[in-house]
Engineer: 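Pasting a structure below so you can have a look.
Just so it is clear, the model here is predicted, and its values are computed rather than measured. Residues: numbered from 1 along the sequence shown.
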Amino acid sequence: MSNDSQGSVKGEAAAPVLPPSGSASSQGPPLSPSTASRTPELPDELIQAGWSKCWSRRENRPYYFNRFTNQSLWEVPVLGQHDVISDPLGLNAAPAEGGDSNLGNGQRKRRNSEEQGAGANNLKRAKVEPTTPISPSTPGAKPWSSAAPEEKPSQTAMPTTPTPGPAPYRPAVIYWDLDIQTNAVIREQRPANHLPPHPEIELQRAQLVTKLRQHYHELCHQREGIDPPRESFNRWLLERKVIDKGQDPLLPSECEPVISPSMFREVMNDIPIRLSRIKYKEEARKLLFKYAEAAKRMIDSRNASPESRKVVKWNAEDTMNWLRRDHSASKEDYMDRLEHLRQQCGPHVTAVAKDSVEGICSKIYQLSTEYSRRLRQTHLSLLQDPATETGSSPPPSRLVYCYPVRLAIPTPPLPRVELHFENDVACLRFRGEMVKVNRGHFSKLELLYRYSCIDDPRFEKFLSRVWCLLKRYQVMFGSGVNEGTGLQGALPVPVFEALNRHFGVSFECFASPLNCYFKQFCSAFPDSDAFFGSRGPFLSFNPVSGSFEANPPFCEELMDAMVTHFEELLEQSTEPLSFIIFVPEWRDPVTPALTRMEASRFLRHQMNVPAYEHEYRSGGQHLCKREEMYYRAVHGTVVLFLQNDAGFAKWGPTTERLAELTAAYRPASARSSSLSSPGPAHISPADRDSAHKAPDRTQSGVMSPGGHDNGSSSSTSTSTSTSPQDKPAAV
């Protein structure tokens, strides 16, 4: 079996390499910056590295100032020179070409007259943040590793004598292991015809998706008088992408049926009013009155049949009369009455709202199709070489270790993306649109890029591609506080370690470059994620052998399609093939995906992890604080082992292996007190139980630890919350 396609990553070091950086004195900021017309303009590489040309009124000549490192030079800076801040002794500098008056690279230090400042301002040195060791070692590469937080130049501070800076930045806590090689074997694939990402297009896509969200909000208000169910738009995108055959990576454009079952049931479930979780008697009484009043008003304003009007009006008036008479009822009495009212009025309310809600779903899909067509036309116009379809010849049948998706269409020159650091956050800006990622994950993206990208050895397109990646995920999950984080959560690090050590797992079926633990994974966006190691969407991924972890987004349509794909792969392969699946324990009612896996002939073992006794990694881990990285799961999790015979023989769930996995799944506080399986000292998850409510899930809906009720209106539960789907699974 050939492993030629193990990729360009094979044999490469996993640790980042820090190249020599600028060799110049650490000087103060310019006194009076202005455009110096008597010297040539700086090249783009130096501008992106933070250099600008300024004018010295004292010396009446131009000099060069770096806004990232506060360096000042008389001569034009040279890329690749050493930086006295991170390398004060010049150990990485080239041999000196001049005398003592020159620095290690031959550049002349500023005059002593400029180092003799007066006043208290000289005593305070500019703050220099640790550098991030992420630059490639290729000569001429973008030197963003020497970037420090941008500070506003002071007009009075004078240059100061350089002092040794802090050591290069390295993440204190690492939530991934990119050294693990894959055991996943696939048949060699042809390059994909996806259009390469471009910041201009990604910016337009972000604007159009935001506009589409606004349309959805307005339609729900105008037609039904409700706010759109929280995160229902995000789950609509997930559900549509399961069946979408369109060419846009995010916006659905070729789906059948046009009416989304996910969006329809979520909107319908909030009609006539949204039912939230009830804690107190007064809340139950108020909600019962609101439901009766809203149902009566709705049936009067819609084109309902005489029978529906009669039933709804009679039940609503009977409920209001009961509320006026009985002031001593308990919370349970109000809840029982509300349930009875929903059973009597629900079918009639659904009938009169059906056409209107279907109109909302249809309108959103039509707008998405139009936006997708418009985006593709603009995208094709930016490409130097128009997209061409691959030939009809069959793909190669050679078996290889899995490798990242390769794009058949070359990437055109990309516009410049600015980078600066604010404390421990990397900020990337393009045309006024800023995206952020913490330094640790920025370093991770650089490593993934180095392992997976084959068309950019000098990292000239790295920042543009990172900006597109971050913008894509930001747009998909919305810009609200904590919005979408539950749809891209991940398992704890100790669980991944146990899966790899005891079950040979080296691949994630649902992840992203931001939350993956292994460097081999499937993700939703092959065009933007391929440069960072993605093997493409899992439903299009066909491994022959290997051991896999699957923690899907908790979208019922996606989970059901996932099970179908699992069984097809296990049926076709005689090589060792194993899938360990993590899904929510939804029993009231049970989801079709869970029912099918429990009845599958490939099921080897099933393990239930109780609620509040395990935790997950936040979906916003690339931005959240360290103490917010983990949160307790407020619902049970079912772990299922689907394996063919060869996979069971090689990675079977033995008692010892299951004990290790169970111990790793316990929260860090419990693991640290256990002698059998102590948890890693570098993991310190926060217990966020107070931020989540107890789980509830209605019929045909999606349960949320945050308590979102996505069920149908015929559900028997009336205490379902409406907060967002905040589930621990990777996209």
Engineer: Could you pull out the closest heavy-atom pair between C555 and R235, with the gap in Å?
Structural biologist: SG-O, 4.5 Å

Engineer: Closer than 3.5 angstrom, by distance alone: can the side chain of Q606 be matched with the main-chain N or O of V638 as a donor-acceptor pair?
Structural biologist: no

Engineer: Do P526 and P537 come within less than 4.5 Å of each other through their side chains, counting heavy atoms only?
Structural biologist: yes

Engineer: Could you go through L414 and H198, starting from their C-alpha distance and side-chain angles, then the distance that decides it, and tell me whether this counts as side-chain contact (heavy atoms from CB on, under 4.5 Å)?
Structural biologist: CA-CA 7 Å; L414 298 178; H198 193 285; 3.5 Å; yes

Engineer: Which heavy atom of V405 sits nearest a heavy atom of G536, and at what distance?
Structural biologist: CG2-N, 3.5 Å

Engineer: Does the S452 side chain pair with the main chain of L448, one donor and one acceptor, at a distance under 3.5 Å?
Structural biologist: yes

Engineer: For side-chain contact (heavy atoms from CB on, under 4.5 Å), just list the numbers for L251 and S253, CA-CA rounded to whole Å, side-chain angles, deciding distance to a tenth of an Å, and then say yes or no.
Structural biologist: CA-CA 6 Å; L251 289 167; S253 58; over 6 Å; no

Engineer: Would you call R587-E598 a salt bridge at under 4.0 Å N-O?
Structural biologist: yes

Engineer: For K650, which residues count as a salt bridge (Lys or Arg N to Asp or Glu O under 4.0 Å) partner, sequence neighbours excluded?
Structural biologist: none

Engineer: Judged by atom type as modelled, is there a donor-acceptor pair below 3.5 Å linking the side chain of R596 to the main-chain atoms of D560?
Structural biologist: yes

Engineer: Counting C-beta onward and ignoring hydrogens, is there a side-chain heavy-atom pair between R472 and P249 closer than 4.5 Å?
Structural biologist: yes

Engineer: I need the R205 CZ to Y371 OH distance, nearest 0.5 Å.
Structural biologist: 14.0 Å

Engineer: Within the side chain of R657, is there an N or O that forms a donor-acceptor pair under 3.5 Å with the backbone of G652?
Structural biologist: yes

Engineer: If we ignore hydrogens and angles and just use 3.5 Å, is the side chain of Y403 paired with the main-chain N or O of Q189 as donor and acceptor?
Structural biologist: yes

Engineer: Please report the interatomic distance CG(D645) to CD(E575), rounded to the nearest 0.5 Å.
Structural biologist: 12.5 Å

Engineer: Name the orientation class of the two ring planes belonging to F462 and F532 (parallel below 30°, tilted from 30 to 60°, perpendicular beyond 60°).
Structural biologist: tilted

Engineer: Would you call F579 and L570 a side-chain contact if the rule is heavy atoms closer than 4.5 Å?
Structural biologist: yes

Engineer: For the side chain of S368 and the backbone of P252, is there at least one donor-acceptor N/O pair under 3.5 Å apart?
Structural biologist: yes

Engineer: Could you pull out the closest heavy-atom pair between L640 and L594, with the gap in Å?
Structural biologist: CD1-CD1, 4.1 Å

Engineer: Which distance, rounded to the nearest 0.5 Å, do you find between the CD of E549 and the CG of N500?
Structural biologist: 11.5 Å

Engineer: Does the side chain of D456 come under 3.5 Å of the side chain of Y449 through a donor N or O and an acceptor N or O?
Structural biologist: yes

Engineer: How many angstroms lie between atom OH of Y473 and atom OG of S528, to the nearest 0.5 angstrom?
Structural biologist: 6.0 Å

Engineer: Might you work through the side-chain contact (heavy atoms from CB on, under 4.5 Å) test for L577 and V544, ending with a clear yes or no?
Structural biologist: CA-CA 7 Å; L577 192 58; V544 176; over 6 Å; no

Engineer: Could you check whether any side-chain N or O of D529 sits under 3.5 Å from a backbone N or O of C522, counting only pairs where one atom can act as donor and the other as acceptor?
Structural biologist: no

Engineer: Identify, with sequence neighbours excluded, every residue that meets ring-ring contact (aromatic ring centres under 6.0 Å, His included) alongside H565.
Structural biologist: F538

Engineer: For L250 and L237, work out which heavy atoms get closest and say how close.
Structural biologist: O-CD2, 3.8 Å

Engineer: Would you say E567 and S600 are linked by a side-chain donor-acceptor pair, where the criterion is simply a distance under 3.5 Å?
Structural biologist: yes

Engineer: Taking atom types as modelled, find out whether Q643 and R604 have a side-chain donor-acceptor pair closer than 3.5 angstrom.
Structural biologist: no

Engineer: Using side-chain heavy atoms (C-beta onward) and a distance below 4.5 Å, is M629 in contact with R617?
Structural biologist: yes

Engineer: Is the F496 to Y175 ring centre distance short of 6.0 Å?
Structural biologist: no

Engineer: Where the side chain of S547 meets the backbone of F503, is there a donor-acceptor pair that is under 3.5 Å apart?
Structural biologist: yes

Engineer: Any sub-3.5 Å donor-acceptor pair from R535's side-chain atoms to G533's backbone N or O?
Structural biologist: yes

Engineer: Hey, could you give me the CH2/OH distance between W176 and Y517, rounded to the nearest 0.5 Å?
Structural biologist: 11.5 Å

Engineer: Please determine whether salt bridge (charged side-chain N to carboxylate O under 4.0 Å, His left out) holds for the pair R465 and D527, giving the CA-CA distance in whole Å, both sets of side-chain angles, and the decisive distance to 0.1 Å.
Structural biologist: CA-CA 10 Å; R465 287 170 171 171; D527 62 323; over 6 Å; no

Engineer: Minimum heavy-atom separation for E254 to G246, with atom names?
Structural biologist: CB-N, 3.6 Å

Engineer: Only one of F541, F521, Y401 forms a ring-ring contact (aromatic ring centres under 6.0 Å, His included) with F507, so which one is it?
Structural biologist: F541

Engineer: Report the C-alpha separation of N183 and W651 in whole Å, then their side-chain angles, then the decisive distance to 0.1 Å, and conclude whether the side-chain contact (heavy atoms from CB on, under 4.5 Å) test is met.
Structural biologist: CA-CA 12 Å; N183 55 24; W651 300 299; 4.0 Å; yes

Engineer: Identify the heavy atoms of P196 and L407 that sit nearest to each other, and give their distance.
Structural biologist: CA-CD1, 4.0 Å

Engineer: Rounded to the nearest 0.5 Å, what separation is found between the OG atom of S443 and the CG atom of L445?
Structural biologist: 9.0 Å

Engineer: Parallel, tilted or perpendicular: which fits the ring planes of F554 and W586, with parallel below 30° and perpendicular above 60°?
Structural biologist: perpendicular

Engineer: If you define the side chain from C-beta out and look only at heavy atoms, does anything of D177 sit under 4.5 Å from F518?
Structural biologist: no

Engineer: With a 3.5 Å distance limit and no angle check, can you tell me whether K444 reaches the backbone of C516 through a side-chain donor-acceptor pair?
Structural biologist: yes

